[in-house]
There are 2 protein chains.
Amino acid sequence: MEQKRADKIADALEGLIFDGTFADGTRLDEVQLAEQFSVSRTPVREALQRLAQFGLVEHLPRRGVFVRQPGPVELIEMFEVMAELESVCARLAASRITDKALAELQATNARCDLAVERQDPDEYYRENERFHAILYCQSGNAFLEQECHKLHRRLQPFRRTQLRLRGRLRQSMSEHEAVVSALEDGDGARAAEAIRAHVAVQGEKFHHLIASLKPAAE
Amino acid sequence: MEQKRADKIADALEGLIFDGTFADGTRLDEVQLAEQFSVSRTPVREALQRLAQFGLVEHLPRRGVFVRQPGPVELIEMFEVMAELESVCARLAASRITDKALAELQATNARCDLAVERQDPDEYYRENERFHAILYCQSGNAFLEQECHKLHRRLQPFRRTQLRLRGRLRQSMSEHEAVVSALEDGDGARAAEAIRAHVAVQGEKFHHLIASLKPAAE
DNA sequence: AAATTTATTCTTGTATACAAAAAAATTGAC
DNA sequence: GTCAATTTTTTTGTATACAAGAATAAATTT
């Protein structure tokens, strides 16, 4: 499991874009990054190409690569797709999920509950991730699972801010329970609707998401 | 819009993988491809990395890149996801589609009909592509549209063989009409179900798909 | 003769060198 | 002084050179 230098650079750059070090529209200079990472331009270029494929940067031929933060509209769209993908997972999982996975889902949810009691957002975050990962897996469709993980990862920085909303943790919990309940009953339609409502950006969440974007948009 | 050499090489390699010139498991030698395309290793490597991101080849560190044709299971999974994505498009389009787009959808379908009459599979193929493209666009979600196009493109070589099934063209046509009819009524659920049934691999299509894979699998 | 270890070769990953294109700057004209 | 044109400089894209790891072949040992 030897990771190439290019991979590590790509990960590092992804982090720097996520945490706002590189604002939207910033040009990423190859030679500058190269000496910053103490490597040649070659691995830097590889990393940038990977980021371009992931949509984090835009590569204009003969012009350079520029950070491409999603705007409000694109973000809403991505969350809509995420909601629909997870909805599909839930519907498929309703008939395909194993007893063991269902038990693990309940256990994960219980740990979420504990995290809410302890007011531990980080722990909640971890268990929440696990909850969704199980759902993806239990769709029984490995390709769908992969696609979900990709988009999930892409939306990660925006979802973290969402969890800081007052009372959001408890509400998120009850939404999880609705999903589990529907899965227990093998009710695909209900499970799909429950997870869609959980993931979709609507109501308060919408305003909070837009507000969190303001600094970067300026 | 000057296309880099690497882009052209990526496209060419994609074609060579699609048409079976490079069978599953084949190692793609950098220097060999480089002299074959009369370029250096650099653009070849860029092209290979792009193909790896698209999932057409697998890149084992320090080992090389190998053609990775999807097996039967993965193919079924991809078609399932495609069906669900298009289903989402249809559901969203039902409430978002413009009158003009609906008219164009009907016109496209009429041209499909003509192509069936003339027994012109190529013409049908083109108009069929257009039908789906309109649907993606009318979801009103540009991100979803992009994702649909990506997967659609990936599945292209496998879908072409499907259209050669006896009587498949006419059946495909009537399925299109069911989608349009539902969209005319603004019935999202019915439109979603219609397009899902249209795209999903089931019944005869399943056997034909598996059969078409046999040569490559050997 | 079989196996293990060592040496050689081959291939990938990285660095550097070069070429072409775009951006910037300087010079010239009005 | 401003605008345009040409030159300079910077930067990307490509080629080549080098280094390190993996596969293979050879040789020595058991």
Side-chain angles (χ1 to χ4, degrees), chain A residues 1-17 20-70 150, chain B residues 1-18 20-70 150 153:
Chain A
M1 55 173 285
E2 307 151 64
Q3 191 159 250
K4 284 197 301 184
R5 260 178 270 229
D7 291 334
K8 286 196 281 190
I9 293 169
D11 285 348
L13 286 177
E14 185 181 303
L16 290 172
I17 292 173
T21 304
F22 292 125
D24 185 49
T26 308
R27 195 178 74 89
L28 297 180
D29 191 88
E30 291 180 1
V31 298
Q32 194 177 321
L33 291 172
E35 61 188 34
Q36 189 168 332
F37 284 100
S38 302
V39 294
S40 79
R41 277 174 56 213
T42 311
V44 171
R45 279 177 65 84
E46 283 192 20
L48 290 178
Q49 281 181 223
R50 196 145 337 160
L51 293 185
Q53 285 293 325
F54 275 82
L56 274 82
V57 300
E58 196 172 7
H59 188 121
L60 305 179
R62 287 274 177 201
R63 300 287 303 266
V65 303
F66 300 83
V67 176
R68 187 76 182 138
Q69 292 282 19
K150 273 202 287 193
Chain B
M1 58 176 287
E2 309 153 63
Q3 189 160 245
K4 285 198 301 183
R5 261 176 269 230
D7 291 335
K8 287 195 279 190
I9 292 169
D11 285 348
L13 287 177
E14 185 180 304
L16 291 172
I17 292 173
F18 278 173
T21 304
F22 292 126
D24 185 49
T26 308
R27 195 178 75 88
L28 297 180
D29 192 88
E30 291 179 2
V31 297
Q32 195 177 319
L33 291 172
E35 61 188 35
Q36 191 168 331
F37 285 100
S38 303
V39 295
S40 79
R41 277 174 55 214
T42 312
V44 171
R45 279 177 65 85
E46 283 192 20
L48 290 177
Q49 281 180 221
R50 197 148 334 161
L51 294 185
Q53 285 292 325
F54 274 82
L56 274 82
V57 300
E58 196 172 8
H59 189 121
L60 304 180
R62 288 271 178 204
R63 299 287 303 264
V65 305
F66 299 84
V67 175
R68 188 74 183 139
Q69 291 282 19
K150 273 202 289 192
R153 181 181 166 90

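Proteins come first, then strands; the chains are lettered A, B, ... in the order of their sequence lines, and each starts at number 1. Because only heavy atoms are used, hydrogens play no part in the values below, and waters and symmetry mates are left out as well, while side chains stay in. Quick caveat: nothing in here was measured; it's all calculated off a predicted structure.
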Rounded distance in Å - [atom1] ([X]) to [atom2] ([N]):
{"X": "B:F37", "N": "D:dG13", "atom1": "CZ", "atom2": "P", "result": "19 Å"}
{"X": "B:E30", "N": "C:dT11", "atom1": "CD", "atom2": "C1'", "result": "8 Å"}
{"X": "B:D29", "N": "C:dG13", "atom1": "CG", "atom2": "C1'", "result": "14 Å"}
{"X": "A:K8", "N": "C:dT14", "atom1": "NZ", "atom2": "P", "result": "10 Å"}
{"X": "A:E35", "N": "C:dA15", "atom1": "CD", "atom2": "C1'", "result": "15 Å"}
{"X": "B:F66", "N": "D:dA23", "atom1": "CZ", "atom2": "C1'", "result": "12 Å"}
{"X": "B:L60", "N": "C:dG13", "atom1": "CG", "atom2": "C1'", "result": "15 Å"}
{"X": "A:R62", "N": "C:dA22", "atom1": "CZ", "atom2": "C1'", "result": "8 Å"}

List the residues meeting side chain to side chain contact (heavy atoms under 4.5 Å, CB included) with [X], not counting sequence neighbours, and say none if there are none.
{"X": "A:E14", "answer": "A:F18, A:L51, A:L56, A:R153"}
{"X": "B:Q49", "answer": "A:E46, A:Q49, A:R50"}
{"X": "B:A10", "answer": "B:A47"}
{"X": "B:R68", "answer": "B:E58"}

Should [X] be listed as having a side-chain N or O under 4.0 Å from OP1 or OP2 of [N]?
{"X": "B:H59", "N": "C:dT11", "value": "no"}
{"X": "B:R63", "N": "C:dT11", "value": "no"}
{"X": "B:R27", "N": "C:dT12", "value": "yes"}

Residues touching DNA chain D, which here means a heavy atom under 4.0 Å, drawn from residues 40-57 of chain A: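 Close to the strand are A:R41, A:R45.
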
Sugar-phosphate only, base, or nothing, as touched by A:V31 at under 4.0 Å among non-hydrogen atoms: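 Answer is nothing: A:V31 stays at 4.0 Å or more from every strand.
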
Nucleotide-level pairing of DNA chain C, given in dot-bracket where Watson-Crick and G-U pairs need both distances under 3.5 Å and | marks other strands: ||||||||||||||||||||||||||||||

Table please: side-chain donor-acceptor pairs of residues 31-40 of chain B below 3.5 Å, with sequence neighbours left out.
residue, atom, partner, partner atom, Å
B:S40, OG, B:T42, N, 3.3

Nucleotide of C:dT12, C:dT14, C:dA20 approaching A:R5 most closely (side-chain heavy atoms):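 Looking only at heavy atoms from C-beta outward on A:R5, the closest nucleotide is C:dT14.
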
Option passing side-chain contact (heavy atoms from CB on, under 4.5 Å) with B:T21 (candidates B:L13, B:T26, B:L16):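 Only match with B:T21 under side-chain contact (heavy atoms from CB on, under 4.5 Å): B:L16.
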
Non-neighbouring partners of B:K150 that pass salt bridge (Lys or Arg N to Asp or Glu O under 4.0 Å), sequence neighbours left out: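 In terms of salt bridge (Lys or Arg N to Asp or Glu O under 4.0 Å), with neighbours along the sequence ignored, B:K150 is linked to B:E147.
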
Partners meeting side chain to side chain donor-acceptor pair (under 3.5 Å) with B:R27 (sequence neighbours left out):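 Testing B:R27 for side chain to side chain donor-acceptor pair (under 3.5 Å), a comparison that skips the adjacent residues, returns B:D29.
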
Taking every non-hydrogen atom, the tightest pair across B:V67 and B:V57: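 Between these two residues, the closest heavy atoms are CA-CG1, 4.1 Å.
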
